[in-house]
Student: 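Pasting in a structure now, in C-alpha cells, and then I'll have a few things to ask.
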Amino acid sequence: MPELPEVETVVRSISTLLINSKIESAWTSGLPLHMQKVVDADALNSRVVGASVKQVRRRGKYILLDLVRGKTFSVVLIHLGMSGKLMLSRSSEARLPHTHVVLGLKGDCELRFVDPRRFGQFKVAASQAELKEIADMGPEPLDDLSLETFALSLSKSKAPIKAFLLDQRRIAGLGNIYVSEALFEARVHPSKPALKVKRQAPALLESVKLVLRKGIENRGTTLRDYVDGKGVAGNNKHALRVYGREGESCTRCESTIRRSVDAGRSTFYCPVCQKRL
DNA sequence: AAAACACCCTGCCTGC
DNA sequence: TGCAGGCAGGGTGTTT
C-alpha cells in the first residue's frame, strides 16, 4: 500500500512525539507477519523496553527507529506491507482489530502497528548492518541519485522500465502508483526496455522526483484506507493522472487511459502520450 | 542472470 | 440477499 511519500508522511507525523521519548512497555499479538516470521518478543523485552527513541528515519519504504538504552543501541525496522498502519494513540482508545505490536510511551500514549493482511514487518536488530532488508537497496531518488548513476543503471538492464523502477535494488521507494505516474509524466511506455530509455532518462528522473515530491507535499495517496501516524488521510489521489483512471480520458491528450497487467500488477498509461519507441 | 509466477493474508467490491 | 470469485498500493522464494 504505502510507497515512499506515504512512508515519509508517516515518519514525519510520528517523529516529533517519538524522538526522545521513552518506551515503557511492549506487547505483540504473537501472530506471524511477513514470511511467517513472528515479532521477537525476547528482543522487544531486552532491547526495546526501557529504551529511548533517538531518531525516526525512512529508507525506501522502511521506517527505522534508532533506540538507545544505556550504552546499548538498537534499530527497529518496520515495513507497512500492503495494509499496515503505524499510529500514535491514547492508551485508553480501543485497539483496532489486527493490532500486532504496541509500544507504550510516557503520558498515556502508544505507538501501534496494525496490519490486517500481515504483509508488513516489525523487526528488532542490534544495528543497521544486521538488516539485510535494506543492505542492497538502491539510492534514494530524492537524496542521492544523480542522472549519471541513473542512466548507467538503466543501460545495464533489459527489464521493462516499469519492472526496473519497481525494483528496490535499483531505486528505492517506488511502488505501483508512483511508477505509473512517473512514466506518464515522462511520456515513457511502461514496457519499454530500460536500456532503451536514454534520451528520456533525464525527463524520467525528473518525473520520478516530481511525483514523489508532490506525493509528499499532498501527504500521501489515500485510495482506500491509508492514513498517517495521526489517522489523517492523504490528499494526493486528486493529483494522480493515470493510476486508477482506466477508461477515463488523458489529461494531456484526451485519449482513453489503458490498464495492462504484468506480473499480476496493474499498470495505467496513455497509449498516445506514452509511445513504445 | 533475469523474468514469470506462486505465495503470504484479510477485506471489500462485483456479479451471478 | 447471499455467496463465490476477483482484486488490492509489497516483497520473497522458487522455477524456468
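Sequence lines set the chain letters: A, B, ... in the order given, protein chains first and strands last, and positions in each chain run from 1.
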Student: Grab the CG-C1' distance between L223(A) and dG11(B) for me, whole Å please.
Tutor: 15 Å
Student: For dT14(C), give the paired nucleotide (Watson-Crick: N1-N3 plus N6-O4 or O6-N4; G-U: N1-O2 and O6-N3; both under 3.5 Å), or none.
Tutor: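 Looking at the geometry, dT14(C) pairs with dA4(B).
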Student: When the distance from CG of L166(A) to C1' of dT12(C) is rounded to whole Å, what number comes out?
Tutor: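 Distance check: L166(A) CG to dT12(C) C1' gives 15 Å.
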Student: Given the P atoms of dA6(B) and dG6(C), what is the spacing between them in whole Å?
Tutor: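 That atom pair is separated by 13 Å.
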Student: Just the rounded figure in Å: distance from P of dC12(B) to CZ of R224(A).
Tutor: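 Interatomic distance, CZ of R224(A) to P of dC12(B): 7 Å.
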Student: When you measure from the side-chain N and O atoms of K158(A) to the phosphate of dA2(B), is any distance below 4.0 Å, counting only OP1 and OP2?
Tutor: no
Student: Any side-chain N or O of S266(A) below 4.0 angstrom from OP1/OP2 of dA8(C)?
Tutor: yes
Student: Contact class for Y178(A) (heavy atom, under 4.0 Å): base, sugar-phosphate, or nothing?
Tutor: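 Touches nothing.
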Student: Mind calculating the distance between CD (Q168(A)) and P (dT12(C)) to the nearest angstrom?
Tutor: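 Whole-Å distance recorded here is 9 Å.
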Student: Rounded to whole Å, how long is the line connecting atom NZ of K37(A) with atom P of dC8(B)?
Tutor: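 Rounded to whole Å, this separation is 15 Å.
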Student: Which value, in whole Å, describes the distance between the P atoms of nucleotides dT1(C) and dG11(B)?
Tutor: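 Comparing P positions in dT1(C) and dG11(B) gives a spacing of 22 Å.
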Student: Quick one: is dT10(B) close enough that its OP1 or OP2 comes under 4.0 Å of any side-chain N or O from H98(A)?
Tutor: no
Student: Using a 4.0 Å heavy-atom cut-off, does A163(A) contact any base of the nucleic acid, only the sugar-phosphate backbone, or nothing at all?
Tutor: nothing
Student: Show me the side-chain donor-acceptor pairs of residues 171-178 of chain A shorter than 3.5 Å, one per line, residues at least two apart or across chains.
Tutor:
| unit_1 | atom_1 | unit_2 | atom_2 | d |
| --- | --- | --- | --- | --- |
| N176(A) | OD1 | K162(A) | NZ | 2.7 |
| N176(A) | ND2 | S266(A) | O | 3.0 |
| Y178(A) | OH | E6(A) | OE2 | 2.6 |
| Y178(A) | OH | T221(A) | OG1 | 2.7 |

Student: Taking the side chain as everything from C-beta on, heavy atoms only, tell me whether E248(A) gets closer than 4.5 Å to T256(A).
Tutor: no
Student: Answer with base, sugar-phosphate or nothing: what part of the nucleic acid does R259(A) contact at a heavy-atom distance below 4.0 Å?
Tutor: sugar-phosphate
Student: Closest nucleotide of DNA chain C for R117(A) versus for E133(A): which of these residues is on the 5' side?
Tutor: R117(A)
Student: Please check the phosphate of dC7(B) (OP1 and OP2 only) for any side-chain N or O of H34(A) closer than 4.0 Å.
Tutor: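 No, because none of the side-chain N or O atoms of H34(A) sits under 4.0 Å from OP1 or OP2 of dC7(B).
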Student: Whole angstroms only, please: what is the CG-C1' distance between N176(A) and dC7(C)?
Tutor: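 Interatomic distance, CG of N176(A) to C1' of dC7(C): 13 Å.
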Student: Would you mind checking if D136(A) and R169(A) are paired as a salt bridge, meaning a charged N to carboxylate O distance below 4.0 Å?
Tutor: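 No, no charged N to carboxylate O under 4.0 Å.
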Student: Check the angle between the aromatic planes of F122(A) and F113(A) and answer parallel, tilted or perpendicular using the 30° and 60° thresholds.
Tutor: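 Judged by the thresholds at 30° and 60°, the geometry between F122(A) and F113(A) is tilted.
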Student: Would you check if F119(A) stacks with the base of dC9(B), given a 5.5 Å centroid limit and a 30° plane limit, both strict?
Tutor: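 F119(A) ring does not meet the centre or angle cut-off for dC9(B); no stack.
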Student: May I ask you to evaluate whether Q36(A) reaches the phosphate of dC9(B), defined as a side-chain N or O under 4.0 Å from OP1 or OP2?
Tutor: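 Answer yes for this pair, as a side-chain N or O of Q36(A) is under 4.0 Å from OP1 or OP2.
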Student: Expressed as a whole number of angstroms, how long is the span from L165(A):CG to dG11(C):C1'?
Tutor: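 Roughly 17 Å, once rounded to whole Å.
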Student: With the threshold set at 4.0 Å, does a side-chain nitrogen-carboxylate oxygen contact exist between K214(A) and E181(A)?
Tutor: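 Result for this pair is no, no salt bridge flagged.
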Student: Regarding R219(A) and D228(A), does a basic nitrogen lie under 4.0 Å from an acidic carboxylate oxygen?
Tutor: yes
Student: Would you kindly give the CE-to-C1' distance between M82(A) and dT10(B), to the nearest whole Å?
Tutor: 11 Å
Student: Taking the P atom in each of dC3(C) and dC9(B), what is the distance between them to the nearest angstrom?
Tutor: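 Each nucleotide's P atom is 24 Å from the other's.
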